[in-house]
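Report on one structure; see the data block that follows.
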Amino acid sequence: QVHLVESGGGSVQAGGSLRLSCAAFGYTYSSAFMAWFRQAPGKEREGVAAIDSDGSTKYADSVKGRFTISNAKNTLYLQMNSLKPEDTAMYYCAADEYAGRWYEKEEYNYWGQGTQVTVSS
């Protein structure tokens, strides 16, 4: 059974940094397409960044140049720098064998429980 566990969320001031982690269990990690999504209160869950099995990365325009997605062994990371109050949300790790539209939550069958990120001004 696939199990994704996020960690690393917290509260920071604007301009600060956080590093999120997502540990993957019970999954053929080498063939995975993995992504980070976020959901703010009252808003839709949106794709933040994704990485495919050959290491190609994709980012939402709102985080380009500030966030970096990476993976190592069975752990997915999201390094978040220059954080803004509008980055405040619950952040989720997602995975599947392939995601043609990486930014669409419907492309992923496996999800973590989420980790909260709060950025104060």
Side-chain angles (χ1 to χ4, degrees):
Q1 180 154 353
V2 176
H3 194 48
L4 303 175
V5 181
E6 301 99 333
S7 61
S11 297
V12 295
Q13 290 191 327
S17 298
L18 282 173
R19 189 193 197 200
L20 305 184
S21 299
C22 172
F25 303 94
Y27 198 67
T28 306
Y29 188 82
S30 62
S31 64
F33 197 104
M34 302 192 74
W36 287 98
F37 280 73
R38 66 186 180 187
Q39 187 167 17
K43 294 189 176 182
E44 291 290 319
R45 190 170 297 191
E46 63 175 359
V48 174
I51 186 167
D52 65 20
S53 57
D54 67 6
S56 296
T57 58
K58 304 177 190 300
Y59 295 94
D61 288 344
S62 59
V63 306
K64 279 181 182 176
R66 300 188 298 121
F67 290 11
T68 302
I69 189 171
S70 62
N71 56 23
K73 295 185 179 180
N74 276 12
T75 303
L76 181 71
Y77 300 99
L78 186 68
Q79 178 66 45
M80 304 186 296
N81 299 327
S82 302
L83 282 161
K84 304 175 181 180
E86 52 263 43
D87 295 318
T88 295
M90 184 73 79
Y91 282 71
Y92 298 90
C93 171
D96 214 310
E97 291 294 329
Y98 179 72
R101 295 170 298 171
W102 71 269
Y103 46 87
E104 295 282 4
K105 61 184 183 295
E106 292 79 10
E107 295 280 329
Y108 301 87
N109 284 307
Y110 305 110
W111 292 88
Q113 82 289 350
T115 185
Q116 178 67 38
V117 171
T118 302
V119 184
S120 58
S121 57

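None of the values given here were measured: they were computed from a predicted structure.
- Judged by distance alone, with hydrogens and angles left aside, the side-chain atoms of Asp96 form a donor-acceptor pair with the main-chain N or O of Asn109 at under 3.5 Å.
- If you take CD on Glu6 and CD on Gln116, they are separated by 12.0 Å, rounding to the nearest 0.5 Å.
- Listed by first and then second residue, the salt bridge (Lys or Arg N to Asp or Glu O under 4.0 Å) pairs involving residues 105-121 are Glu44-Lys105, Arg101-Glu107 (not counting sequence neighbours).
- Within the structure, salt bridge (Lys or Arg N to Asp or Glu O under 4.0 Å) contacts touching residues 45-59 (residues at least two apart or in different chains) are Arg38-Glu46.
- Of all the heavy atoms in Met34 and Ala24, the pair that sits closest is CE-CB, 4.5 Å.
- Across Gly26 and Val2, no two heavy atoms sit closer than the pair O-CG2, 3.5 Å.
- Between Leu20 and Met80 there is a side-chain heavy-atom pair separated by less than 4.5 Å.
- Pairing each heavy atom of Val48 with each of Val63, the nearest pair is O-CG2, 3.5 Å.
- The ring-ring contact (aromatic ring centres under 6.0 Å, His included) analysis of residues 57-93, with sequence neighbours excluded, yields no pairs.
- For the side chain to side chain contact (heavy atoms under 4.5 Å, CB included) test, residues two or more places apart in sequence or in another chain that qualify with Val12 are Leu18, Leu83, Val119.
- Annotation for Leu4 and Cys22: closest pair CB-SG, 3.9 Å, computed over non-hydrogen atoms.
- Take Asp61 and apply the salt bridge (charged side-chain N to carboxylate O under 4.0 Å, His left out) test, not counting sequence neighbours, and it matches Lys64.
- Annotation: disulfide bond (SG atoms under 2.5 Å apart) contacts involving residues 47-87, sequence neighbours excluded, are absent.
- When all heavy atoms of Ala14 and Ser121 are compared, the pair lying nearest together is CB-CA, 4.3 Å.
- If you take NZ on Lys43 and CE on Met90, they are separated by 15.5 Å, rounding to the nearest 0.5 Å.
- For the side-chain hydrogen bond (donor to acceptor under 3.5 Å, both in side chains) test, residues two or more places apart in sequence or in another chain that qualify with Ser17 are Asn81.
- Below 30°, between 30° and 60°, or above 60°: for Phe33 and Tyr98 the angle between ring planes is above 60°, a perpendicular geometry.
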>> Quick one, Cys93 with Trp36, criterion side chain to side chain contact (heavy atoms under 4.5 Å, CB included). Give me CA distance, side-chain angles, the key distance, then yes/no.
In response: CA-CA 5 Å; Cys93 171; Trp36 287 98; 4.1 Å; yes

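- Taking 4.5 Å as the limit, every side-chain heavy atom of Phe37 sits out of range of all side-chain heavy atoms of Tyr103.
- Scored by the salt bridge (charged side-chain N to carboxylate O under 4.0 Å, His left out) test, Arg19 finds no partners at all (sequence neighbours excluded).
- Taking every heavy atom of both residues into account, Thr75 and Ser21 meet most closely at CG2-CB, 4.2 Å.
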